[in-house]
Amino acid sequence: QAHFVESGGGLVQPGGSLRLSCAASGFSLNGYAIAWFRQAPGKEREGVICITRDDTTNYLTESVQGRFTISRDSAKNMVYLQINSLESDDAGVYSCAARTIHCSAYWNRYDYWGQGTQITVSS
């Protein structure tokens, strides 16, 4: 069954950096838009950033511009999220998701998901 496996989360201090990885299983990432979503306790799932099938970056929330970078390695069937200058509002479970053709900020428009990886921001 097609799905993702995320890794790279952890505890980080404010201002720190993390690199999340998203490994696709059961399908090829080629032709898909891949997004990262996050969900903090008590909050709705939020679209963060997306890479289109031609590797253009779409920011799904303004607060991450200049701090988050998404990239794709098609040979490894992987997507990465580099997060710099972490803020307390960045904490949550980060999940990657795939849908055909275009990026979308709406989580229910994505076809494949992973279980997520937790980011905790604390000094």
Side-chain angles (χ1 to χ4, degrees):
Q1 186 174 0
H3 66 283
F4 288 108
V5 177
E6 299 92 340
S7 61
L11 173 65
V12 63
Q13 293 184 344
S17 297
L18 276 178
R19 187 194 193 208
L20 306 185
S21 298
C22 176
S25 178
F27 74 108
S28 170
L29 292 177
N30 292 334
Y32 284 87
I34 311 298
W36 284 92
F37 284 78
R38 66 186 178 190
Q39 188 166 22
K43 294 187 178 181
E44 293 191 359
R45 188 179 297 176
E46 175 188 38
V48 177
I49 193 170
C50 182
I51 188 166
T52 66
R53 60 180 181 174
D54 60 355
D55 290 344
T56 299
T57 296
N58 287 179
Y59 291 98
L60 304 180
T61 184
E62 289 187 10
S63 66
V64 305
Q65 290 193 41
R67 301 188 299 117
F68 285 32
T69 303
I70 189 171
S71 60
R72 181 201 308 256
D73 186 333
S74 296
K76 295 183 179 179
N77 219 26
M78 298 278 294
V79 175
Y80 304 97
L81 179 62
Q82 177 67 41
I83 307 175
N84 298 325
S85 303
L86 271 153
E87 302 171 355
S88 56
D89 287 345
D90 295 325
V93 176
Y94 282 69
S95 303
C96 49
R99 71 185 301 263
T100 54
I101 306 177
H102 302 301
C103 290
S104 173
Y106 300 99
W107 65 267
N108 57 359
R109 295 183 180 177
Y110 286 79
D111 302 309
Y112 306 129
W113 286 86
Q115 293 291 331
T117 185
Q118 174 77 47
I119 293 179
T120 302
V121 182
S122 176
S123 55

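One-based numbering along the sequence shown.
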Item checked: Q115 side chain to E6 backbone, donor-acceptor under 3.5 Å -> no

Margin query: Please find the pair of heavy atoms, one from K76 and one from Y80, that lie closest to each other, and give the distance.
Written below: CD-OH, 4.0 Å

Margin query: Are the side chains of V79 and W36 in contact, using a 4.5 Å heavy-atom criterion?
Written below: yes

Check: Do L60 and F68 touch side chain to side chain, with heavy atoms closer than 4.5 Å?
Finding: no

Please tabulate, for side-chain N and O atoms in residues 81-106, each donor-acceptor pair with protein atoms closer than 3.5 Å (sequence neighbours left out).
residue, atom, partner, partner atom, Å
Q82, NE2, N84, OD1, 2.9
N84, OD1, S17, OG, 3.0
D90, OD1, R38, NH1, 2.9
D90, OD1, R67, NH2, 3.1
D90, OD2, R67, NH1, 2.7
D90, OD2, R67, NH2, 3.4
D90, OD2, E87, N, 2.8
Y94, OH, R38, NH1, 3.0
Y94, OH, D90, O, 2.5
R99, NE, R109, O, 2.9
R99, NH1, H102, O, 2.6
S104, OG, Y106, N, 3.1

Item checked: Value rounded to 0.5 Å, distance of CZ in R72 from CE in M78 -> 13.0 Å

Next item on the list: Walk me through it: do S122 and L11 pass the test side chain to side chain contact (heavy atoms under 4.5 Å, CB included)?
Entry: CA-CA 7 Å; S122 176; L11 173 65; 3.9 Å; yes

Checklist line | More than 12 heavy atoms of other groups within 6.0 Å of Q65 CD | finding: yes

Item checked: Closest heavy-atom pair and its distance - R45, Q39 -> N-NE2, 3.7 Å

Item checked: Residues which pass side-chain contact (heavy atoms from CB on, under 4.5 Å) with A2, listed by chain and number, not counting sequence neighbours -> F27, Y112

Notebook entry, point to check: Got a second to check how far I34's CD1 is from L29's CG, nearest 0.5 Å?
Noted result: 4.5 Å

Notebook entry, point to check: Out of curiosity, does V48 fall in the hydrophobic cluster containing L18 (side-chain heavy atoms, cut-off under 4.5 Å, transitive links)?
Noted result: yes

Item checked: Value rounded to 0.5 Å, distance of OG1 in T56 from CD1 in I51 -> 8.0 Å

Next item on the list: Just say parallel, tilted or perpendicular for the rings of F37 and W113, cut-offs at 30° and 60°.
Entry: tilted

Notebook entry, point to check: Is there a side-chain contact between V121 and V12, using heavy atoms and a 4.5 Å cut-off?
Noted result: yes

Margin query: Please report the interatomic distance OG(S123) to CD(Q13), rounded to the nearest 0.5 Å.
Written below: 7.0 Å

